[in-house]
Engineer: 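The following block contains the structure, expressed as structure tokens.
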Amino acid sequence: MYQQETIKPYEDGDAKAAQVEAMFDNIAPTYDKLNHRLSWDIDRGWRRKAIRALEPYRPQTMLDIATGTGDFAILAAQMLKPQRLIGADISEGMMDVGREKVQQLGLQNVISFEKEDCLNLSYEDETFDAVTAAFGIRNFADLDKGLREMCRVLCSGGHLSIVELTTPVSFPMKQLFHVYSHTVLPVYGRLISKDQSAYSYLTKTIEAFPQGERMMEILTRAGFREASFKRLTFGICTLYTGKKS
């Protein structure tokens, strides 16, 4: 079991999935504003890079795992023009924010949101041309199982694109990121979201999450081939891609 799978947002005895659901329901109203401010809006560029990795394949059916408030799903619909895109998440609070944004943009005929357990997806095998995730898989209670499910619902020859926050590996960004993630991020997050634990939890999951070459091994074990990674913005974020045989 990976270290991040044992980290929970709160100290009570509930299962991790239930705690993560409650946490994201709590911070849903302020989540977008916090994300953009805490990353100085760089997170928008990271999503674009992940979507551009799929442009050569022109996917028509897409699944966005841990979709949250739908930022990645909306951008993917605008850039890739799929026929159908489902945003899946365990938090109805987050998806309700996403539904409002999709309605305002007139994308409701393309994008839909569905509550799903990402470790036990309800979709048939080989349903989607592309599966994506932005800043969500580190919250899985079982990373291997979640990635296997993403591979299962992906069509043969389909593509995976993931962007995830990671810890820089080189001086001085490694040291600067440590200071920022342990001081500015949790304090500012607590002030805006009013959740005492959420952003401290998120910092812990970033540090504990497997990355780089280790993540390549995990993706390969889950059934993806041609797995690759590219560090973005000095390693603060990493883009992972793969293909199903």
Side-chain angles (χ1 to χ4, degrees), residues 1-9 20 31-56 65-66 68 71-72 75-76 79 131-140 143-144 146-147 150 159-193 197-222 224-243:
M1 179 175 287
Y2 307 109
Q3 185 183 350
Q4 98 281 352
E5 293 171 3
T6 64
I7 298 171
K8 298 180 180 180
V20 169
Y31 182 78
D32 284 341
K33 180 170 68 174
L34 269 169
N35 258 12
H36 300 321
R37 287 189 180 181
L38 289 170
S39 70
W40 301 291
D41 272 343
I42 301 173
D43 63 304
R44 300 179 195 269
W46 294 334
R47 289 185 180 90
R48 287 187 178 276
K49 288 181 184 295
I51 293 167
R52 288 195 187 104
L54 296 173
E55 282 181 334
I65 290 288
D71 274 2
F72 193 99
L75 194 58
M79 292 177 64
V131 177
T132 61
F135 317 119
I137 64 170
R138 71 181 188 280
N139 296 311
F140 285 177
L143 179 60
D144 284 311
L147 290 172
M150 293 167 76
H159 291 82
L160 173 78
S161 187
I162 293 172
V163 278
E164 189 53 81
L165 295 171
T166 47
T167 53
V169 295
S170 301
F171 177 86
M173 283 304 299
K174 179 178 181 179
Q175 288 73 20
L176 290 171
F177 182 77
H178 179 83
V179 172
Y180 177 77
S181 63
H182 283 265
T183 55
V184 177
L185 194 155
V187 171
Y188 189 65
R190 188 181 308 120
L191 288 173
I192 301 298
S193 72
S197 302
Y199 283 84
S200 295
Y201 158 77
L202 294 174
T203 295
K204 293 175 183 176
T205 62
I206 295 169
E207 293 178 340
F209 191 74
Q211 59 187 56
E213 290 81 1
R214 188 175 173 215
M215 187 63 176
M216 293 301 91
E217 296 174 2
I218 296 167
L219 288 170
T220 300
R221 189 166 65 235
F224 296 99
R225 61 184 178 89
E226 299 178 18
S228 66
F229 73 96
K230 181 178 181 182
R231 291 189 173 95
L232 308 175
T233 316
F234 307 103
I236 295 173
C237 178
T238 302
L239 168 63
Y240 298 101
T241 58
K243 181 179 180 180

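Quick caveat, the model's predicted, so the values are computed rather than measured.
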Engineer: Can you give me the closest heavy-atom contact between Pro9 and Tyr201, atom names plus distance?
Structural biologist: N-CD1, 3.5 Å
Engineer: Would you please name every residue forming a side-chain hydrogen bond (donor to acceptor under 3.5 Å, both in side chains) with Glu207, sequence neighbours left out?
Structural biologist: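 Per chain and number, Glu207 pairs via side-chain hydrogen bond (donor to acceptor under 3.5 Å, both in side chains) with His182.
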Engineer: Sequence neighbours left out, cut at 3.5 Å: what donor-acceptor pairs do the side chains of residues 45-55 make with other protein atoms?
Structural biologist:
from: Trp46; atom 1: NE1; to: Thr233; atom 2: OG1; distance (Å): 2.8
from: Arg47; atom 1: NH1; to: Asp43; atom 2: OD2; distance (Å): 2.6

Engineer: Tell me every residue that passes side-chain hydrogen bond (donor to acceptor under 3.5 Å, both in side chains) with Thr241, counting only those two or more places apart in sequence or in another chain.
Structural biologist: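 Result, side-chain hydrogen bond (donor to acceptor under 3.5 Å, both in side chains) vs Thr241: Ser228.
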Engineer: Where do Ala134 and Phe72 come nearest, in terms of heavy atoms and distance?
Structural biologist: CB-CD1, 3.5 Å
Engineer: For Thr238, what residues pass the side-chain hydrogen bond (donor to acceptor under 3.5 Å, both in side chains) criterion, not counting sequence neighbours?
Structural biologist: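 side-chain hydrogen bond (donor to acceptor under 3.5 Å, both in side chains) list for Thr238, sorted by chain: Thr166.
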Engineer: Does any non-hydrogen side-chain atom of Ile218 lie less than 4.5 Å from one of Thr220?
Structural biologist: no
Engineer: Do the non-hydrogen side-chain atoms of Phe140 and Val20 ever get within less than 4.5 Å of each other?
Structural biologist: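 Counting from C-beta outward, Phe140 and Val20 never come under 4.5 Å.
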Engineer: State, to 0.1 Å, how close Gln4 and Pro210 come at their nearest heavy-atom pair, and which atoms those are.
Structural biologist: OE1-CD, 3.6 Å
Engineer: Output the distance between atom OG1 (Thr205) and atom CZ (Phe135), rounded to the nearest 0.5 Å.
Structural biologist: 12.0 Å
Engineer: Looking at CG of Leu202 and CG of Leu165, how far apart are the two atoms once the value is rounded to the nearest 0.5 Å?
Structural biologist: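 Result: 8.5 Å between the selected atoms.
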Engineer: Going through the checks in order, is the side chain to side chain contact (heavy atoms under 4.5 Å, CB included) test met by Met215 and Phe229?
Structural biologist: CA-CA 9 Å; Met215 187 63 176; Phe229 73 96; over 6 Å; no
Engineer: Which atom names give the shortest non-hydrogen contact between Tyr240 and Gly212, and what distance separates them?
Structural biologist: OH-N, 3.2 Å
Engineer: Run the side-chain contact (heavy atoms from CB on, under 4.5 Å) test against Lys204 and tell me which residues pass, sequence neighbours left out.
Structural biologist: Ile7
Engineer: Using a 4.5 Å cut-off on heavy atoms from C-beta on, say whether the side chain of Asp71 contacts that of Asp32.
Structural biologist: yes
Engineer: What residue pairs, at least two apart or across chains, pass salt bridge (Lys or Arg N to Asp or Glu O under 4.0 Å) with a residue in residues 225-243?
Structural biologist: none
Engineer: Distance check, rounded to the nearest 0.5 Å: Ile137 atom CD1 versus Ile65 atom CD1?
Structural biologist: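 With rounding to 0.5 Å, CD1 (Ile137) is 10.5 Å from CD1 (Ile65).
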Engineer: For Thr167, give me all partners under side-chain hydrogen bond (donor to acceptor under 3.5 Å, both in side chains), at least two apart in sequence or on another chain.
Structural biologist: Gln211
Engineer: Can you pull out every salt bridge (Lys or Arg N to Asp or Glu O under 4.0 Å) where at least one residue sits in residues 159-185? Sequence neighbours excluded, please.
Structural biologist: Arg138-Glu164
Engineer: With sequence neighbours excluded, what pairs up with Arg214 under the salt bridge (Lys or Arg N to Asp or Glu O under 4.0 Å) test?
Structural biologist: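 Salt bridge (Lys or Arg N to Asp or Glu O under 4.0 Å) list for Arg214, sorted by chain: empty.
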Engineer: So which atom in Ala133 and which in Met150 form the shortest heavy-atom distance, rounded to 0.1 Å?
Structural biologist: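 In this case the closest contact between Ala133 and Met150 is CB-CE, 4.1 Å.
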Engineer: What closest approach, in Å, do Leu147 and Phe224 show between heavy atoms, and which atom pair accounts for it?
Structural biologist: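 Result for this residue pair: O-CE1, 3.7 Å.
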Engineer: Going from CG on Leu176 to OG on Ser181, what distance comes out if it is rounded to the nearest 0.5 angstrom?
Structural biologist: 10.5 Å
Engineer: Any heavy-atom pair between the side chains of Leu219 and Leu160 that's under 4.5 Å?
Structural biologist: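 The answer is yes; the side chains approach within 4.5 Å.
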